[in-house]
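Here's the structure, in structure tokens; my notes come after.
Each residue takes its place number in the sequence, starting with 1.
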Amino acid sequence: MPLPRVPSEDAPYPSKNPTDLQKHVAAFDRDGDGLITVADTCWALQKIGVSWIGAVIGCIVVHLFSSYVTQESWLPDPWFRIRIAGVHRIMHASSAGTFRQRGILDPVTFDSLFEMYGNPSEQTMTLQQVLTMWKNSRDMHDVFGTLANLGEWFGAWVALKGKDGKIKKEDLRSLIIGDYFHKAFGDAKKKP
């Protein structure tokens, strides 16, 4: 089935051709049912090295603010699950623009981030450069998105930084399209 023509429609999931954003979050769905539970997110955050307390706080924040907008109905999910088919609705005005409206990675914008804010010759970014990028992508009318974007980019830097404190372009691309998570979780993705 092709991608929807308008961003308000959900891209089918599971499908043979998921969007990049769906692939990014699908790694958190341990049982493959298209729904990410609070327990799935908590497990995944711990698996990538977040402390127990940080994982619990992260789960609460992510699911509290993301669950409702991904649902098919006006009624919220009582368990705050995130529907992967509707995950493109989580995007906010203060993002760096790496995803298009339907959840597809925009390679031109992604490459330009390293040209504008990073070290183009090394294809890397330091924490200071990541924070400068975040500061320049803020939208004054999007307080939630600004804070969410800070958490997303700081989390990416923490997860990917090397010994020199820099993140590599290809590592970040891997994280954005979900390959990083699939590699990090490996066979442990099955529920205990």
Stepwise side-chain hydrogen bond (donor to acceptor under 3.5 Å, both in side chains) test for Thr146 and Asp139: CA-CA 7 Å; Thr146 297; Asp139 183 323; over 6 Å; no
Shared hydrophobic cluster for Leu150 and Val61 (ILVMFWY, side-chain gaps under 4.5 Å): no
Any side-chain donor near an acceptor of the partner, Thr126 and Gln129, under 3.5 Å: yes
Point-to-point distance, once rounded to the nearest 0.5 Å, from OG of Ser73 to OH of Tyr68: 7.0 Å
Rounded distance (nearest 0.5 Å) linking atom CD1 of Ile167 with atom CG of Leu172: 5.0 Å
Option passing side-chain contact (heavy atoms from CB on, under 4.5 Å) with Asp179 (candidates Ile177, Ile176, Leu175): Ile177
Validation row: Phe99, Asp20 side chains within 4.5 angstrom (heavy atoms): yes
From Ile84 atom CD1 to His24 atom NE2, the distance as rounded to the nearest 0.5 Å: 11.0 Å
Test item: Met133 and Met125 side chains (from C-beta on) under 4.5 Å apart, heavy atoms: yes
Distance-only polar pair, side chains of Asn119 and Thr124, donor-acceptor under 3.5 Å: yes
Transitive ILVMFWY side-chain link Ile104 to Val108, under 4.5 Å: no
Any Lys166 side-chain heavy atom under 4.5 Å of Lys161 side chain: no
Modelled atom types, side-chain donor and acceptor of Thr98 and Asp106, under 3.5 Å: no
More than 12 heavy atoms of other groups within 6.0 Å of Phe80 CZ: no
Ile48 versus Ala184, closest heavy-atom pair with distance: CG2-CB, 4.2 Å
Between CG on residue Leu131 and CH2 on residue Trp157, distance to nearest 0.5 Å: 8.5 Å
Nearest atoms (heavy-atom pairs only) where Pro18 meets Lys23: CG-CG, 3.7 Å
Aromatic plane relationship, Phe144 with His92 - under 30° parallel, 30 to 60° tilted, over 60° perpendicular: perpendicular
Non-hydrogen atoms of Ser95 and Ser137 that approach each other most closely: O-CB, 3.7 Å
Minimum side-chain heavy-atom gap Val25-Asp29 below 4.5 Å: no
Exercise: do Thr37 and Asp40 side chains pair donor with acceptor under 3.5 Å: yes
Donor + acceptor pair across side chains of Thr41, His63 (<3.5 Å): yes
Closest non-hydrogen atom pair between Gly178 and Ala27, with its separation: O-CB, 4.5 Å
Co-membership, hydrophobic cluster, residues Ile82 and Val69, 4.5 Å side-chain: yes
Exercise: identify the closest heavy-atom pair between Gln22 and Ala85: NE2-CA, 3.6 Å
Thr70 and Ile90, any side-chain heavy atoms less than 4.5 Å apart: yes
Heavy-atom pair of closest approach, residues Pro107 and Arg100: CD-NH2, 3.9 Å
Asp77 side, atom CG; Glu72 side, atom CD - distance, nearest 0.5 Å: 11.0 Å
Salt-bridge contact Arg173-Asp111 (side-chain N to carboxylate O under 4.0 Å): yes
Shared hydrophobic cluster for Phe114 and Leu105 (ILVMFWY, side-chain gaps under 4.5 Å): yes
Gly54 backbone acceptor or donor facing Ser51 side chain under 3.5 Å: yes
Parallel, tilted or perpendicular: ring planes of Trp43 versus Phe185, cut at 30 and 60 degrees: tilted
Verdict with reasoning, Glu115 to Gln123, per side chain to side chain contact (heavy atoms under 4.5 Å, CB included): CA-CA 8 Å; Glu115 294 297 320; Gln123 300 289 298; 4.2 Å; yes
ILVMFWY cluster, Phe28 and Leu35 together (side-chain gap under 4.5 Å): no
Euclidean distance, Ser174 OG relative to Lys183 NZ, rounded to 0.5 Å: 4.5 Å
Residues, nucleotides or ligands: over 12 heavy atoms within 6.0 Å of Lys168 NZ: no
